[in-house]
Number of protein chains: 2
Amino acid sequence: MKSAVEPLKARRIYLLLRDRIVAGDLPPGCRLPGEPALAAEHAVSRVTVRRALDLLEKEGLVQRKAGSGTFVHDTRSVRPIVADLSNVLSHLIDMGRSTDVKLLSFGYVAPPEAIAESLGLKPGERVQRSVRVRLIDGEPFSYLTTHVPEWLGLTYSEAELAARPLLELIERSGVKTERATQAINATLAGPEPAAALDLEIGSPLLTLTRVVHDPSGRGVEHLHALYRPDRYSFHMDLVRIGDDGERRWSPALGRPRAPNKTKADKANTDKNNAGEKPTRGSRAIKQRS
Amino acid sequence: MKSAVEPLKARRIYLLLRDRIVAGDLPPGCRLPGEPALAAEHAVSRVTVRRALDLLEKEGLVQRKAGSGTFVHDTRSVRPIVADLSNVLSHLIDMGRSTDVKLLSFGYVAPPEAIAESLGLKPGERVQRSVRVRLIDGEPFSYLTTHVPEWLGLTYSEAELAARPLLELIERSGVKTERATQAINATLAGPEPAAALDLEIGSPLLTLTRVVHDPSGRGVEHLHALYRPDRYSFHMDLVRIGDDGERRWSPALGRPRAPNKTKADKANTDKNNAGEKPTRGSRAIKQRS
DNA sequence: GAAACCTGTATGATCTATGATACAGCTTCG
DNA sequence: CGAAGCTGTATCATAGATCATACAGGTTTC
């Protein structure tokens, strides 16, 4: 008898309440129904309700006050999200800011079939594989797995990879990047990414897969990136251009984001990040991008 | 004693193997280690390993042959993914194709604080709220919650909303859409979206939040969309433009997608999906958009 | 064909999550 | 102050997940 893996009830309640909170159904500051009421409403025991509330509290979505109740935490002011304006293009190259990078793995290996194909490698050609974690203010937010053809990977060292953005190293070698394809998706955190990103196994992750080509069509970089959704998301501002006959949406460049900032690009997610914790990562190295 | 909610072990193994498969570590066709070997490797019982394999099999990632072994299923040919080219802009308005829409909820309500603010509504102003599910080939792939100011929502009927794309109805009313902001993220499926999308609770979902404004700055549409990542993802092709001094990435327009197949453009796994199931949705209505 | 391996299936023991209940301590309100 | 409601905590019973083990039946290899 295969009992279908029914997710834990506490998780069910947690997700239910979480949706109601983020949807605004339970507005910030609002006191949500008491634990006995919730238990009755969802036909579970109060212990289970508490587990769900524990999860919500751990995520900072609610705040509990003994004797008083459980209140929806106002997240608007407490969202130091690493918002990344990806005008679909700029996010590729810039996103400056001082972030730390930890190199988890580095080496030359035979590429998996799918990677070799997407990079257009010849049979037997090897690749440089690296796994890095990016941190902001000491907190990890992305888990990057890159594959680069061996001939290109040999133009820089392991230390350089940990200190400089990969695209910069590629261009420094003389290779011109010309074309790229990206795909954005979602997945669940497996054991390794979860550990690296300081998450529970099974947490949701934003996914970005990118393949960059040079003018001759050779693949020069294959990136598989996993992002913590609570610390990173893709933003874009669009404007309608063209005359009435053929209006189209186009990314809005030069839309000043906060106070000042120049008209075009340049990773202008300023503000925040005033107080900075010292970097505590073991192999963490300061870098731009 | 709060025992930390450690996700089920079977789930852990499942995610672990899934990562190794999609990463190409276990290439398609490969026979993965036997159940006893996996059990020993991860220090769990064989029963638990089987649960993990059950999940993988249900997702079509592996195929089991009694007496022989468990094999990685070649997913490349079995991925009828609704790949959506979002040149970051077009995906807003087009994405033609005949999809079905089910209207789950429709009505006029007082907007949640966050919605009212993002739309720039006056206090007390009401909104039209609708929840729709989009299906392709009878299979649901997106769960859309929209909020529209009441004055605008009254210009079309409930039936029209179920039959036509919302942006089209908005523009038909004479309102000009001028500016939009989007954010893409990831989350877990709560009970309602999970049921509507035919998913397990806790499955990963792609998220798109969009606010559209008219030339005067009024908000005219607030969209919160949830997508099944196995049936939908955001794709974009980029090219490098500008001279050497100031090169930038720009979305590649007019890149024909399906028939020809540019050499290094994966994700467009054609073939497959020749036979089509009839649409069975109850309140399903054919529509473009 | 026989040995070695594999998946499929079943059993009972054990650990964990959940249920039902009770009570202590705090907060709010009249 | 005192009643009512809430969270925090503990107890023991039950249901579900996992474990350890055993065996049946198919596949591969020799």
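The chains referred to below are lettered A, B, ... by the order of the sequence lines, with proteins before strands, and numbering in each begins at 1.
Taking atom CG on A:Leu8 and atom P on C:dT16, their separation rounds to 14 Å, with Å as the unit. In this structure, CZ of B:Arg11 is placed 15 Å from P of C:dA17, rounded to the nearest angstrom. The CZ-P distance, from A:Phe71 to D:dC6, rounds to 11 Å in whole Å. Protein atom CG of A:Leu53 is 13 Å distant from nucleotide atom P of D:dC6, rounded to whole Å. For B:Lys65 and C:dC5, the NZ to C1' distance is 16 Å, given to the nearest whole Å. Taking atom CG on A:Leu32 and atom C1' on D:dC6, their separation rounds to 12 Å, with Å as the unit. The distance between atom CD of A:Glu35 and atom C1' of C:dA22, rounded to the nearest whole Å, is 15 Å. Between the C1' atom of D:dT7 and the CG atom of A:Asp54 lies a distance of 11 Å, rounded to the nearest Å.
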Below 3.5 Å between N/O atoms, which protein atoms pair up with nucleotides 19-21 of chain D? Just atom names and distances, please.
| residue | atom | partner | partner atom | Å |
| --- | --- | --- | --- | --- |
| D:dC19 | OP1 | B:Lys9 | NZ | 3.2 |
| D:dC19 | OP2 | B:Ser45 | N | 2.9 |
| D:dC19 | OP2 | B:Ser45 | OG | 3.2 |
| D:dC19 | OP2 | B:Thr48 | OG1 | 2.3 |

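Under the side chain to side chain contact (heavy atoms under 4.5 Å, CB included) criterion, B:Thr207 pairs with B:Asn185, B:Thr187, B:Thr209, B:His224, B:Leu226, sequence neighbours left out.
Shown are B:Leu199, B:Leu197, B:Leu205; of these, the side chain to side chain contact (heavy atoms under 4.5 Å, CB included) with B:Tyr143 is made only by B:Leu197.
Remark: A:Ser68 is not in phosphate contact with D:dG5, judged by side-chain N or O atoms under 4.0 Å from OP1 or OP2. Contact between the side-chain N/O atoms of B:Thr70 and the OP1/OP2 oxygens of C:dC6 is not found at any separation under 4.0 Å. Between A:Arg50 and the phosphate of D:dG8, there is a side-chain N or O to OP1/OP2 separation shorter than 4.0 Å.
Between A:Val47 and A:Arg50 the shortest side-chain heavy-atom distance does not fall below 4.5 Å. A:Asp54 has its side chain within reach of A:Arg64: a pair of non-hydrogen atoms, C-beta onward, lies under 4.5 Å apart. A 4.5 Å side-chain heavy-atom check between A:Val62 and A:Leu17 finds every atom pair outside the cut-off. Inter-residue side-chain proximity for A:Glu35 and A:Leu53 is flagged as met; some heavy-atom pair is nearer than 4.5 Å. No side-chain heavy atom of B:Arg129 sits less than 4.5 Å from a side-chain heavy atom of B:Pro111.
Counting only distance, with no hydrogens or angles, the side chain of A:Arg51 and the backbone of A:Leu8 share no donor-acceptor pair below 3.5 Å.
For the helix from C:dG1-D:dC30 to C:dG30-D:dC1, the end axes, each set by the C1' atoms of five terminal pairs, are bent relative to each other by 30° (nearest 10°).
Side chain to side chain, A:His147 and A:Thr145 fail the donor-acceptor criterion of an N or O pair below 3.5 Å.
Of the candidates C:dA17, D:dT7, D:dT18, C:dA17 carries the atom nearest the A:Arg51 side chain, counting heavy atoms from C-beta on.
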